Trainee: 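Shown below is the structure under consideration.
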Amino acid sequence: MPDPATEDISKAYEPTAVEEKWYARWLDANAFHGNENAPDSQPPYSIVIPPPNVTGVLHLGHVLNNTIQDILARRARQKGQAVLWLPGTDHAGIATQAVVERELKKHEKLTRHDLGREKFLERVWEWKDEKGGTIIKQLKRLGCSCDWSRERFTMDPEYIKWVQHVFVDLFEKGLIYRGKRMVNWCPKTLTAISDEEVIPTPQKSKLYYMRYAVAGEANRFVEIATTRPETLMGDTGVAVNPNDKRYGDLVGKKAVRPFPEAEIPIVADDHIDPEFGTGVLKVTPAHDKADYDIGLRANLEVIDVLHPDGRINCPDCPDLDGLDRFEARDKAVEKLESMGLLDKIEDYENNVGFSERGHVPIEPRLSMQWFLKYPSVKEATNAVANNDIVMRPDRWRKTYLHWMENIQDWCISRQLWWGHRVPVWYQKDKAEDLKNAESLDSSHAADLHVSTDPPADPENWVQDDDVLDTWFSSWLWPFATMTNVGERSDTLKKFYPTTDLVTGPDIIFFWVARMIMAGFEYEKELPFKNVFFTALIRDIQGRKMSKSLGNSPDPLDLIAKYGADGLRFGLMRIAPLGTDVRFDEKQIEEGRNFANKLWNAARYRQMVGRDVPGAPQSGDDPSPAGDLSIYDLDILAKLDDLADNLETAYTNYRFNDVGQHLYEFFWSNYCDWYLEAVKNDFKPEADPNRKATTLAVMDTVLRRFLQHLHPYMPHITEELWEKMSYGASDDFLMLTSAETTPATPTDAPANAREHVDAVYQSARVLRNLKAEYNVAANKNIRFIIPALDSAPWAETELPTLALLTGAKEIATDSSFEADKGTPSALTPIGQVFMPLEGLIDVEAEKKRLNNELAKVEKEFSKAQAKLENPNFVERAKPEAVDKARADLASWTEKRDQLNAMIASLH
RNA sequence: GCGCGGAUAGCUCAGUUGGUAGAGCACCUGGUUUACACCCAGGUUGUCGGGGGUUCGAGCCCCUCUCCGCGCACCA
């Protein structure tokens, strides 16, 4: 049965319906639209979303990341800026292709090769249209205020043109070339990957010590330590350090590779570390980058003994041929042992590079790939070095600069089907030669068709099979989403460069650095002014969240339980600047509780404000009329402090501070103190004018607080904005410019806050006293104050103090003579007695006061010792000394008063 | 090996020019007072990772060590 007084606002806040309702309304009203034609009086604020993989599903990292972006966007709107938050998804080459291949295998038992390239790509597009973009729906549920009318995909037709244009341009500039190089090969996904996609992973391996015979010298062997005996068939040399005296005479001789048996040269190379293993290295140029370089220097043969999928390719060793590389390892060791060439095996921990997507050790492999020599490196380095682009936390700047200073060419080709196909065609009759050429660059342009358009006579040309690294499209994201090739759209003019980029530090090289270079190269300008790197979310035990550990809560479950606002608020309050955060569902629960607290505070305002003539209802910001009480002035001043604190916190991107300030102001200052202090104003006998003024103050606080809170909790604030009629009808809170004039009247008496502090502090002391005597629940208690000498102003505040302490009355009585042992306490407004039948116990009271005195004495001594230190008085800052003196005076006074109180008990 | 973070109450974390250690949660006690039990009031809790130094004074600055995390290099 609903209480008739509260029927229009339910008792507990139910977020789901409210949140879905408002999101739909915002969409209907086109409230997220980024207006590229906004006048100059509305300065631009823009963010491009880090495009999630089109296969992606929302996880907590996304929630954190996108909540921050939404907060920034909503805050900018409240400041009257023209805001564009541009969303979209990434085609995610390997990930998406893998998903579709998996489905194909599962449901139709087919591989992509069974379908062929064209048919397979059709399937991928079908999958993308049907199932891709789940994450977009989830971002909407979170409340993200993206301009969905501008949603982009990295394989939109216009986006494809950008990628091709950039490829052609860089090729013509001589920065893109093709060459046979050692690359990181993923035997699982069967493609080359970039250095950044290799994850060094510590492994418990073995170090095998084996012997190669020295050719022509009976019974002479070199001992070699290796972790990869399975590649020995590809050995084409043995190397030692030229300064290693142990082996000096061997250089120039030959060693015998056991299988397939062959004599291979022993060479000298500086790269060899004499300290490692035996100081002798078997050189396998086809399967190790360092070996490849040694081979080049010593002119050694290159023998590839692996298939692309990691199986052994060595018909001369039938017992190994076709085996997986790790099976072959055991088998090779077995063979060596049977030949008497294996000396020992040691446990050994080393780092093995794993493929980021394939999750298997990569294989260094010599292959023909496209590479990019990065453009605009200097501009991109300087922009960050001199803080034109500000990275937060600052330490990532160093990481970035270090990478830029040691930048390596980027392997941009991938042996996949799903992606941007390399826009290069070979003349049909020369195709084989060109494809196998040692290198290929713009000097071969005559035999190539490198263009954004296919050749006019396609029958005479063959297109390159490779597609481009996904990041080769992502790096264009800030401008390629805003304008077409060869144009400067109004959107670009208004919103580029973007203001903030919010992303994880894990993609600083993959994405952030490359976007900066592309921005300078193609728009002659930095792509964003600020980069905010988010924290990494870990579980409560500090482990990374991962699917396999199953320790990653589904954000949608959390939203269902706590509401999107609760999730957002809870997460933001624990997300510190730049360090990892341990996720604890308790925090999200607090977020929900906070929403509920707000809900009920608004409900309370509705209840007490009903049917009050003259109570402010709606419209623009009326300053509270009538005589403001000290409590009114105090909360309004704290409201103004809140605005300042929030501004500072936002300026420094201290999102957890923002959350903390919002929480503390509302829960503690407003609800726990102000609302409790003014409850007398709503009693039937209260002065109607006083009541109206209090309601007006409550409205000012609530109205402004809803504005302040809106970026963190957009849905509930919008709901209450409407329910409380704080805006004109049809006006969204989200599009209402925040009020910035101080809420505190300019003629506010300066001592109001001090007086309120004194009252609140007194309330704390008296509550404490009641609790100590176990009468906390007793509402019939009367407090007596014999004298208000030091705080005569407090006389009028005693009813409020009584209210706050749950006492029946607090009376002044100069003739009051306490019986010895009457409980009493020292408050900022004087000594207060709590006379109660049956509670007079001189000894107990003496003991209690002595405890109190001991604490005061301790503080007193500290303060005194400080001031007795001549060095402090002479050398400390004057403010510090003044403060210390004031402290000492205050402790002295308290001590004396307590002593007097104790003395009176004798 | 080089570099960067972190170590503060049982837990998660604040602590911004060095000047009396904080919040929330948890826990304990009491409480349905005209919003809220997703609540209210009160209480307990710290050799601020170890050691050394600078200073009148160090959680904060310097050195060093230990542990955890991250990046880069090496990785036969």
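The structure displayed is predicted, hence computed values, not measured ones. Residue numbers begin at 1 in each chain, while the letters A, B, ... track the order of the sequences. Heavy-atom basis, side chains included; hydrogens, waters and symmetry copies ignored.
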Trainee: With sequence neighbours excluded, what pairs up with A/Arg848 under the side chain to side chain contact (heavy atoms under 4.5 Å, CB included) test?
Mentor: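 Here the qualifying residues are A/Leu769, A/Glu772, A/Tyr773, A/Glu845.
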
Trainee: Please figure out whether A/Arg592 or A/Asn351 has its closest RNA chain B nucleotide nearer the 5' end.
Mentor: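 The residue mapped nearer the 5' terminus is A/Arg592.
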
Trainee: Suppose we screen for side chain to side chain donor-acceptor pair (under 3.5 Å). Which residues come up paired with A/Asn768, at least two apart in sequence or across chains?
Mentor: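 A/Asn768 satisfies side chain to side chain donor-acceptor pair (under 3.5 Å) with no other residue.
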
Trainee: Looking at residues at least two apart in the chain, or sitting in another chain, which of them share a salt bridge (Lys or Arg N to Asp or Glu O under 4.0 Å) with A/Lys770?
Mentor: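 Partners of A/Lys770 by the salt bridge (Lys or Arg N to Asp or Glu O under 4.0 Å) criterion come out as none, since no residue qualifies.
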
Trainee: Could you work out, with salt bridge (Lys or Arg N to Asp or Glu O under 4.0 Å) as the rule, every residue matching A/Glu19, not counting sequence neighbours?
Mentor: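 Salt bridge (Lys or Arg N to Asp or Glu O under 4.0 Å) check on A/Glu19 returns A/Arg141.
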
Trainee: Using the side-chain heavy atoms of A/Asn871, tell me which of these nucleotides is nearest: B/rA35, B/rC56, B/rG24.
Mentor: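 Comparing B/rA35, B/rC56, B/rG24 against the side chain of A/Asn871, the answer is B/rC56.
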
Trainee: Test of understanding: with side chain to side chain contact (heavy atoms under 4.5 Å, CB included), list the residues that count as partners of A/Asn871, not counting sequence neighbours.
Mentor: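 In terms of side chain to side chain contact (heavy atoms under 4.5 Å, CB included), with neighbours along the sequence ignored, A/Asn871 is linked to A/Asn869, A/Arg875.
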
Trainee: Under 4.0 angstrom, heavy atoms only, what part of the nucleic acid is A/Leu803 near: base, sugar-phosphate, or nothing?
Mentor: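 A/Leu803: no heavy atom of the nucleic acid under 4.0 Å.
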
Trainee: Please determine, for the side chain of A/Asn593, which listed nucleotide (B/rC36, B/rC39, B/rU20) has the closest atom?
Mentor: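 So the side chain of A/Asn593 is nearest to B/rC39.
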
Trainee: For a quick check of understanding: with a heavy-atom distance under 4.0 Å over all strands, which category does A/Tyr562 fall into, base, sugar-phosphate or nothing?
Mentor: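 Answer is nothing: A/Tyr562 stays at 4.0 Å or more from every strand.
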
Trainee: When you check every protein heavy atom under 4.0 Å of nucleotides 41-46 of chain B, what one-letter string (B, S, -) results, 5' to 3'?
Mentor: SSS---

Trainee: P atom, B/rC65 versus B/rC75: distance in rounded Å?
Mentor: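 The same atom, P, in both gives a distance of 27 Å.
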
Trainee: Within residues 659-667 of chain A, which residues have any heavy atom lying less than 4.0 Å from an atom of RNA chain B?
Mentor: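 Nucleic-acid contacts, sorted: A/Gln660, A/Trp667.
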
Trainee: Mind checking salt bridge (Lys or Arg N to Asp or Glu O under 4.0 Å) for A/Asp687 and listing every partner two or more places apart, or none if nothing turns up?
Mentor: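 With neighbours one apart ignored, the set is empty.
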
Trainee: Under 4.0 Å from any atom of RNA chain B, heavy atoms only: list the residues of residues 278-292 of chain A that qualify, in numerical order.
Mentor: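 The stretch gives A/Val280, A/Leu281, A/Asp288 as the residues lying under 4.0 Å from the strand, ordered by number.
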
Trainee: Who are the side chain to side chain donor-acceptor pair (under 3.5 Å) partners of A/Asn241, not counting sequence neighbours?
Mentor: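 A/Asn241: no side chain to side chain donor-acceptor pair (under 3.5 Å) contacts found.
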
Trainee: With a non-hydrogen cut-off below 4.0 angstrom, is A/Glu859 in contact with a base, only sugar-phosphate, or nothing?
Mentor: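 Base contact.
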
Trainee: Listed by chain and number, what are the side chain to side chain contact (heavy atoms under 4.5 Å, CB included) partners of A/Pro361, not counting sequence neighbours?
Mentor: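 Expected list: A/Arg325, A/Phe326, A/Val352, A/Phe354.
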
Trainee: For A/Lys770, which contact category applies under a 4.0 Å heavy-atom criterion: base, sugar-phosphate, or nothing?
Mentor: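 Answer is nothing: A/Lys770 stays at 4.0 Å or more from every strand.
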
Trainee: Please identify each residue that fulfils side chain to side chain contact (heavy atoms under 4.5 Å, CB included) with A/Asp887, with sequence neighbours left out.
Mentor: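 Partners of A/Asp887 by the side chain to side chain contact (heavy atoms under 4.5 Å, CB included) criterion, ordered by chain and then number, come out as A/Lys883, A/Trp891.
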
